Asker: 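If you scroll down you'll find the structure; I have some questions about it.
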Amino acid sequence: MSSFTESDPLDTVTWINSFCSLLGHEYFAEVSEEFIEDDFNLTGLQSQVPMYKDALEMILDVEPDSDMDPEPDEEDMDDDEEDVMRDEEGYRIDAHGFRLPRGRSISDQSIIESSAELLYGLIHQRFITSRPGIQQMAEKYEAQHFGHCPRVFCNSTKVLPVGIYDTPGIDTVKLFCSSCMDVYTPPNSRFQSVDGAFFGTTFGCLFFMTFPDFQITPQGDPLNLASTHPIYSNTPYVVLREPATVTRRDSRSSSLTSASAPTVPSVPQIPAEWIPPSNQPTTINGTSTGNLAPGLGPGRIHEPKIYGFRVSERAKTGPRMKWLRMRPVDITELDEVGRLGNDRDEDMGDQDATTIKTGKNGTKTATAGQRKKAAAKSRRNLPAADGANGTGQTAS
Amino acid sequence: MYRSQFISSRGNEYFCDIDEDYLTDRFNLTGLNADVQYYQHALDLVTDVFDVECEDEMRDHIEKSARHLYGLVHARFITTTRGLAKMLDKYKKGEFGKCPRVNCGTQHLLPTGMSDVPGTQFVKLFCPKCEDIYNPKSSRHASIDGAYFGTSFANILFQVYPALVPEKTTARYEPKVFGFKMHAAAALQRWQDNKREEMIERLKAQGIDNPFAMDDDGDDEGDLSSGHEPMDIAGADDL
């Protein structure tokens, strides 16, 4: 990662340095020269970038002409395109009096400049999915360079810059929040000029696959959501299993609620249906359960209310988008493969009482065998077993 | 003029001008004297009849109280017909900002509170398209008390003007790696889609039409990234 600083100790400001320090380029990582110099990493870019060679030279600060004067200041270059000036020897000069390289018009220079930015962006898209690149982005993420999720219930979760497309020129950079699995427009308009393809569609997702141990939810309660509902506080709470009986102080209800003083009203109470059953797996579908969209689910969905009364779903203006922020309380509902297996087992049990349950592997082989039998069976007595095709439909 | 000065000052862009008639009707201020310090002075200041000479420190206190009083009356005023019309005007002009969620396009937002009790939570912005609440972009808005807008206002506005409810969309972001959907996220989204279909069925049983735009109904047609070939997977080289 530090190779680019070592490579040229005399000239401290490289093109890449100055590009990344421009206003609006705060999201960019500094691509190491090593990465750019490896031609393999640039495969296919030549056809996408006009004046590819010159652009690459500009990025790497390689001077194309030996008689070139001190490098002109690129940032001011494009502003002063139209003022073609010449010094006493007939060289074209820019606004600062620097001679421009011979044989290249100012418009060429600005094309190369924009090509260099495009090329850098496309290399950047690849670089941040590489090991050193993603590491560098992780440091920026930790330092909160990319900002926070604007959604209230994500409670200031850190976000990552992503693109919606991998092709440049379609859409600008967006911010991906892993807590609600959604993308947002950056709050500052200066990022509206940064191409989303320079970050790519892959990076946001790959980042959390590369660093599965990153805790997505922020520490504490930055937005003080606890002031609006106890579910957001980290203090111990009472589970409201039987809302009506808790206040009645009978021994049964207090044994159902948690041990810590169930009738004290200052202890926050949350509904029992929000509490997952105890058999939650630590990972689900290859992601740690705690890191799978922690900003979604019950209590983290906006509930529209009028004078304290919830707006009904049946109302013309009622809530219709709650599904977007839902997450099952019992995370095993998302284990599609496991559920499919269970459904089949139940199905087989229904159709043929002789199903032999011999552990997981045993059941699977037995299931396959039983399925053929069941199918044959249903074909034989077709009118009776209407619709029973041996799939999960008949199991009730 | 206190009110015009108040609503035109920086940071108070979300507030609308409370009608003088409303402010001078004591009925509308019922119960606020318990919440506001120096209630009478504050009310005098807001209605421009304050003419008591006092020390600067006292004046500061009264001005703070006046602001608080204005906010609390504002929460009541914007649920009235006049208030709704004024806020609707601001909403249509987009004065409360636009939804940061990419799939909402540039849907205009409405200010809302998370609690009607003052001092609980700062103002939030409600997007009628995705029905979620967001934090204001700028810190000068993020420090306004949410109770000055209240929890009911945004919903009452759409109850009164149901034609303004934006068309809902099923388009959403799908996390992908090299063009392949990420399994955990995709499984969650399938589960959510099922919940949506269940809701549509429930609504259908009540004789309510599918609220979602037809073009992105069902499959992922309206999705931002679908139908788009992944350009390259060259980034995989270095993994």
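Nothing here was measured: the structure is a model prediction, and the numbers come from that model.
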Asker: To the nearest 0.5 Å, tell me how far His302(A) NE2 sits from Thr112(B) OG1.
Answerer: 5.5 Å
Asker: Where does Glu336(A) contact chain B at under 4.5 Å (heavy atoms): side chain, backbone, both or neither?
Answerer: side chain
Asker: Counting neighbours of CZ on Arg314(A) that are heavy atoms of other residues, nucleotides or ligands and sit closer than 6.0 Å, is the number greater than 12?
Answerer: no
Asker: Looking at CZ of Arg320(A) and CD of Glu131(B), how far apart are the two atoms once the value is rounded to the nearest 0.5 Å?
Answerer: 8.0 Å
Asker: Side chain from CB out, backbone as N, CA, C, O: work out which of these in Pro186(A) comes under 4.5 Å of a heavy atom of chain B, or both, or neither.
Answerer: neither
Asker: Of the listed residues (Leu334(A), Thr287(A), Val311(A)), which shares the most heavy-atom pairs with chain B below a 4.5 Å separation?
Answerer: Leu334(A)
Asker: Just verifying a value: how many Å separate Glu198(B) CD and Trp323(A) CH2, rounded to the nearest 0.5 Å?
Answerer: 13.5 Å
Asker: Heavy-atom pairs under 4.5 Å with chain A - which of Val165(B), Thr151(B), Leu188(B) has more of them than the others?
Answerer: Leu188(B)
Asker: Does CZ in Arg190(A) sit with more than 12 non-hydrogen atoms of other residues, nucleotides or ligands closer than 6.0 Å?
Answerer: yes
Asker: Does Met321(A) reach the side chain of Phe212(B), with side-chain heavy atoms less than 4.5 Å apart?
Answerer: yes
Asker: Heavy atoms, side chains only, cut-off 4.5 Å: are Leu324(A) and Lys168(B) in contact?
Answerer: no
Asker: Could you have a look at Ala154(B), Cys127(B), Ala142(B), Ala187(B) and say which one has the most heavy-atom pairs with chain A under 4.5 angstrom?
Answerer: Ala187(B)
Asker: Under 4.5 Å, counting heavy-atom pairs only, tell me which of Asp182(A), Ile331(A), Asn188(A) racks up the most with chain B.
Answerer: Asp182(A)
Asker: Could you check whether atom NZ of Lys305(A) has more than 12 heavy atoms from other residues, nucleotides or ligands sitting under 6.0 Å from it?
Answerer: no
Asker: Mind ranking Lys137(B), Gln189(B), Lys195(B), Lys98(B) by heavy-atom pairs under 4.5 Å with chain A and telling me who comes out on top?
Answerer: Lys137(B)
Asker: Could you tell me which portion of Leu203(B) (side chain, backbone, both or neither) has an atom closer than 4.5 angstrom to a non-hydrogen atom of chain A?
Answerer: side chain
Asker: Where do Ala184(B) and Leu292(A) come nearest, in terms of heavy atoms and distance?
Answerer: CB-CD1, 3.9 Å
Asker: About how many Å separate NZ of Lys322(A) and CG of Asp132(B), when rounded to the nearest 0.5 Å?
Answerer: 11.5 Å
Asker: Report the option among Asp335(A), Thr317(A), Thr185(A), Thr210(A) that has the most heavy-atom pairs separated by less than 4.5 Å from atoms of chain B.
Answerer: Thr317(A)
Asker: Would you mind reporting whether Leu225(A) and Gln121(B) have side-chain heavy atoms less than 4.5 Å apart?
Answerer: yes
Asker: Working to the nearest 0.5 angstrom, can you tell me the gap between Thr202(A) OG1 and Phe180(B) CZ?
Answerer: 10.0 Å
Asker: Who among Gly97(B), Pro128(B), Pro162(B), Cys130(B) has the most heavy-atom pairs with chain A under 4.5 Å?
Answerer: Cys130(B)
Asker: For Tyr173(B) and Phe176(A), take the angle between the two ring planes, folded into 0 to 90°, and tell me which bin it lands in: parallel under 30, tilted 30 to 60, perpendicular over 60.
Answerer: tilted
Asker: Would you give the length of the straight line joining atom NZ of Lys176(B) to atom OG1 of Thr201(A), rounded to the nearest 0.5 angstrom?
Answerer: 7.5 Å
Asker: Quick check on Phe126(B) against chain A: is it the side chain, the backbone, both or neither that has a heavy atom closer than 4.5 Å?
Answerer: side chain
Asker: Name the option with the most non-hydrogen atom pairs under 4.5 Å to chain A; the candidates are Asp116(B), Val177(B), Ile133(B), Thr79(B).
Answerer: Ile133(B)
Asker: Quick check for you: among Glu313(A), Arg327(A), Lys316(A), Lys174(A), which has the greatest number of heavy-atom pairs under 4.5 Å with chain B?
Answerer: Glu313(A)
Asker: Measure distances from Ile156(B) to the heavy atoms of chain A and classify the residue's part below 4.5 Å as side chain, backbone, both or neither.
Answerer: both
Asker: Quick one, Gln192(B) and Leu296(A) - any side-chain contact, counting heavy atoms below 4.5 Å?
Answerer: yes
Asker: Quick check on the interface: out of Ile301(A), Leu223(A), Ile284(A), Ile134(A), who has the most heavy-atom pairs with chain B under 4.5 Å?
Answerer: Leu223(A)
Asker: Using heavy-atom distances under 4.5 Å, tell me whether Lys129(B) contacts chain A through its side chain, its backbone, both, or neither.
Answerer: backbone
Asker: Taking Met209(A), Met181(A), Glu303(A) one by one, which has the highest count of heavy-atom pairs under 4.5 Å against chain B?
Answerer: Met181(A)
